[in-house]
Engineer: 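This is the structure, below, for whatever I ask next.
Remember, it's a predicted structure, so these values are computed and weren't measured experimentally. Nothing fancy with the numbering, it's 1 onward along the sequence.
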Amino acid sequence: MDKSKSYRSIQLELQAQCKYVQLETSKAVLLGENCKLKYASDNRLLFSDEYGGDVFIFDINGKIYSKFNQKGGLGYTSITSIAYDESKNELFILDRIRKKIYVFSEKGALLRSFKTPEETFIAEIYNFNDSTLLAFDENLIGTNKPTKPYFFISRNSGNIIGYVNITVEKVNATQFIESISKNESLSYSFIHTGIPDNCKFGNNFILSNKSMDTVYVLRQDRSLEPLFTQTPSVHSEHTTAASVGMYTDKYLQICVADYDISTATKALKAGKTWNPPFKLYILDREKGEFYRDSDKGKYTVSKTDTPLNHAYSVIPAIILKEKNKLGKLTGELKTIASNVTINDNPIVEIQILK
């Protein structure tokens, strides 16, 4: 994929079966603005709040199944990453600050905990199989040493039990400290930019990060397949990096985000907010051809463990009310909007892509 090339724009002609889930709302069940959808299946929807520590599990009809918060004390300091094994009723919560993984039941009972491997700085974990987690190790300040960023760890001990056959020769920094004056410095990071990076669709794990030119799919049998290689390199002077926001039998949706350090630094030193710009592309897997995405991310899933050929959108109630007031809604969504209040929990839109 040549990121400097101007590709023809297309609109995906996907047939989609759409369903809306209105999440239960009560004084005890109220999602904060930082609650994100982290897991979805035919039976469950899981939300977590990285900073507040809340975990909510809803059934597929939107009824609350479980809620807990074990932040503080002997619990986690924050939810850096969360993995859910629905079949075994276990949740794995990574606390990057404490370098620890906590294992809870669906109802919030602490089952066990263990330290992450020494000399690692795990940023994300995924439920790989009955005995194994897939981990992504990210050095925030970067390194010129060859690194294996993906490895498997035991779900019981946290020990490394194998590596994914990917080596990056150089790790791009995602956290920076710039001097402004003798007594003042500026710190910022490129951790959350609105694009998915690593993600999971069914049993397919999409592996992409800011230090790899090639984006891979890792399968359940541990086989590794390159999906595409991007140019210019992520290690070029003006860095852009690609990741996958949608994965179906026929298409990939690709997000290319800007990580230009000099531009970001200049804006932040001037006291301005810098939001990394990104472009969206489509790869037709059958034809092997790339296009610009004229739908502007309609089917993007951001770091949610989802079934294959599914797309999820979380719509705040206040946005739904505003769209209804402007006459932009029809059918079931219009009916839902007429019955919710602006303080209600969001509505989840589920699209089954065909």
Engineer: Testing the 3.5 Å rule here: is there a donor-acceptor pair between the side chains of S157 and N159?
Structural biologist: yes

Engineer: When you look at CZ of F121, are more than 12 heavy atoms from neighbouring residues, nucleotides or ligands closer to it than 6.0 Å?
Structural biologist: yes

Engineer: Of all heavy-atom pairs between I101 and I153, which one has the smallest distance, and what is that distance?
Structural biologist: CD1-CD1, 3.7 Å

Engineer: Is L329 reachable from I347 through a run of hydrophobic residues whose side-chain heavy atoms are each under 4.5 Å from the next?
Structural biologist: yes

Engineer: Are more than 12 heavy atoms from other residues, nucleotides or ligands located less than 6.0 Å from atom CD1 of I141?
Structural biologist: no

Engineer: Determine, step by step, whether N156 and S154 satisfy the side chain to side chain donor-acceptor pair (under 3.5 Å) criterion, reporting the C-alpha distance in whole Å, the side-chain angles of both residues, the deciding distance to 0.1 Å, and the verdict.
Structural biologist: CA-CA 5 Å; N156 290 314; S154 165; 4.7 Å; no

Engineer: Is it true that E119 and K99 have a side-chain N and a carboxylate O under 4.0 angstrom from each other?
Structural biologist: no

Engineer: Please lay out, stage by stage, how K38 and S48 fare under the test side chain to side chain donor-acceptor pair (under 3.5 Å).
Structural biologist: CA-CA 7 Å; K38 294 298 184 181; S48 67; 5.4 Å; no

Engineer: Tell me yes or no: between the side chains of Y251 and Q253, is some donor less than 3.5 Å from an acceptor?
Structural biologist: no

Engineer: For the pair N129 (side chain) and Q220 (backbone), establish whether a donor and an acceptor sit closer than 3.5 Å, ignoring hydrogens and angles.
Structural biologist: no

Engineer: With side chain to side chain donor-acceptor pair (under 3.5 Å) as the test, would you mind laying out the steps for D85 and S87 before giving the verdict?
Structural biologist: CA-CA 6 Å; D85 184 344; S87 64; 2.6 Å; yes

Engineer: If I compare all heavy atoms of N139 with all of V171, which pair ends up nearest, and what's the gap?
Structural biologist: O-CG1, 3.8 Å

Engineer: Taking all non-hydrogen atoms of both residues, which atom of L30 and which atom of N343 are closest, and how far apart?
Structural biologist: CD1-O, 3.6 Å

Engineer: Thinking salt bridges, do E50 and K36 make one under a 4.0 Å N-O criterion?
Structural biologist: no

Engineer: Does the Lys NZ or Arg CZ of R8 fall within the cation-pi geometry relative to Y291 - under 6.0 Å from the ring centre and within 45° of the axis?
Structural biologist: no

Engineer: Does any non-hydrogen side-chain atom of Y39 lie less than 4.5 Å from one of R44?
Structural biologist: yes

Engineer: If the plane angle is over 60° it's perpendicular, under 30° parallel, otherwise tilted; pick one for F104 and F68.
Structural biologist: tilted

Engineer: Tell me yes or no: between the side chains of E86 and S41, is some donor less than 3.5 Å from an acceptor?
Structural biologist: yes

Engineer: When you check the side-chain N and O atoms of D213 and S233, is any donor under 3.5 Å from an acceptor?
Structural biologist: yes

Engineer: I want to know whether Y150 and F136 have ring centres closer than 6.0 Å.
Structural biologist: yes

Engineer: Are there more than 12 heavy atoms of other residues, nucleotides or ligands under 6.0 Å from atom CG of N89?
Structural biologist: yes

Engineer: Around atom CD of E225, are there more than 12 heavy atoms from other residues, nucleotides or ligands closer than 6.0 Å?
Structural biologist: yes

Engineer: List the steps and the verdict of side-chain contact (heavy atoms from CB on, under 4.5 Å) for I350 and H310.
Structural biologist: CA-CA 7 Å; I350 304 172; H310 282 59; 4.2 Å; yes

Engineer: Decide whether E289 and Y7 meet the rule of one side-chain donor and one side-chain acceptor closer than 3.5 Å.
Structural biologist: no

Engineer: Any side-chain donor paired with an acceptor under 3.5 Å for D59 and N43?
Structural biologist: no

Engineer: Do F152 and F128 have ring centroids that are under 6.0 Å from one another?
Structural biologist: yes

Engineer: Are Y126 and L91 connected into the same hydrophobic cluster when the rule is that any two of I, L, V, M, F, W, Y join if their side-chain heavy atoms are below 4.5 Å apart?
Structural biologist: no

Engineer: Looking at every non-hydrogen atom in both residues, tell me the closest pair between Y312 and P307 and how far apart they are.
Structural biologist: OH-CD, 3.4 Å

Engineer: Is there a path of hydrophobic side-chain contacts, each under 4.5 Å between heavy atoms of I, L, V, M, F, W or Y residues, that connects M246 with I10?
Structural biologist: yes

Engineer: Report yes or no: does S81 contribute a side-chain atom to a donor-acceptor pair with the main-chain N or O of I125 at less than 3.5 Å?
Structural biologist: yes

Engineer: Between the side chains of K279 and D293, is the shortest nitrogen-to-carboxylate-oxygen separation below 4.0 Å, so that they form an ion pair?
Structural biologist: no

Engineer: If you measure from the Lys or Arg side-chain nitrogens to the Asp or Glu carboxylate oxygens, is any gap between D305 and K200 under 4.0 Å?
Structural biologist: yes

Engineer: Is a side-chain N or O of S211 found less than 3.5 angstrom from the main chain of N172, in a donor-acceptor match?
Structural biologist: yes

Engineer: Distance only, no hydrogens: is a donor on one side chain within 3.5 Å (strictly under) of an acceptor on the other, for K3 and T240?
Structural biologist: yes

Engineer: Is it true that atom NZ of K321 has more than 12 heavy atoms of other residues, nucleotides or ligands lying nearer than 6.0 Å?
Structural biologist: yes

Engineer: Does a sphere of radius 6.0 Å around NZ in K328 hold more than 12 heavy atoms from other residues, nucleotides or ligands, not counting ones at 6.0 Å or beyond?
Structural biologist: no

Engineer: So for atom NZ, which belongs to K115, do other residues, nucleotides or ligands contribute more than 12 heavy atoms lying within a distance under 6.0 Å?
Structural biologist: yes

Engineer: N127 and R155: side chain to side chain donor-acceptor pair (under 3.5 Å), yes or no, with the steps?
Structural biologist: CA-CA 9 Å; N127 180 38; R155 294 187 2 167; 2.6 Å; yes

Engineer: Side-chain heavy atoms under 4.5 angstrom apart, residues restricted to Ile, Leu, Val, Met, Phe, Trp, Tyr: same cluster for I160 and L134?
Structural biologist: no

Engineer: When you check the side-chain N and O atoms of S208 and D197, is any donor under 3.5 Å from an acceptor?
Structural biologist: no

Engineer: What's the verdict on side-chain contact (heavy atoms from CB on, under 4.5 Å) for N204 and L308, showing C-alpha distance, side-chain angles and the deciding distance?
Structural biologist: CA-CA 8 Å; N204 298 305; L308 188 63; 3.9 Å; yes

Engineer: Taking everything shown except L326 itself, do over 12 heavy atoms lie less than 6.0 Å from its CG?
Structural biologist: yes

Engineer: In terms of the angle between their ring planes, are F290 and F228 parallel, tilted or perpendicular, with boundaries placed at 30° and 60°?
Structural biologist: perpendicular

Engineer: Have N69 and D54 got a donor and an acceptor in their side chains that come within less than 3.5 Å?
Structural biologist: yes

Engineer: Under the criterion side-chain contact (heavy atoms from CB on, under 4.5 Å), I'd like the reasoning laid out for E138 against R96: C-alpha separation, chi angles, the key distance, then a yes or no.
Structural biologist: CA-CA 11 Å; E138 184 179 46; R96 198 175 193 182; 3.7 Å; yes

Engineer: So if you build clusters from Ile, Leu, Val, Met, Phe, Trp, Tyr with side-chain heavy-atom gaps below 4.5 Å, do I57 and I79 land together?
Structural biologist: yes

Engineer: For K107 and K67, run side-chain contact (heavy atoms from CB on, under 4.5 Å): C-alpha distance rounded to whole Å, both residues' side-chain angles, the deciding distance at 0.1 Å, then the answer.
Structural biologist: CA-CA 7 Å; K107 298 296 185 180; K67 173 192 177 296; over 6 Å; no

Engineer: Quick check, are the ring centers of F58 and Y65 under 6.0 angstrom apart?
Structural biologist: no

Engineer: Would the distance check show the side chain of N61 and the main-chain N or O of K63 forming a donor-acceptor pair, the cut-off being under 3.5 Å?
Structural biologist: no

Engineer: Of all heavy-atom pairs between L23 and P346, which one has the smallest distance, and what is that distance?
Structural biologist: CG-O, 3.4 Å

Engineer: Looking only at atom types and distance, does a side-chain atom of Y102 sit under 3.5 Å from a main-chain N or O of G75, one as donor and one as acceptor?
Structural biologist: yes

Engineer: For a quick check under 3.5 Å, do Y20 and E349 share a side-chain donor-acceptor pair by atom type?
Structural biologist: yes

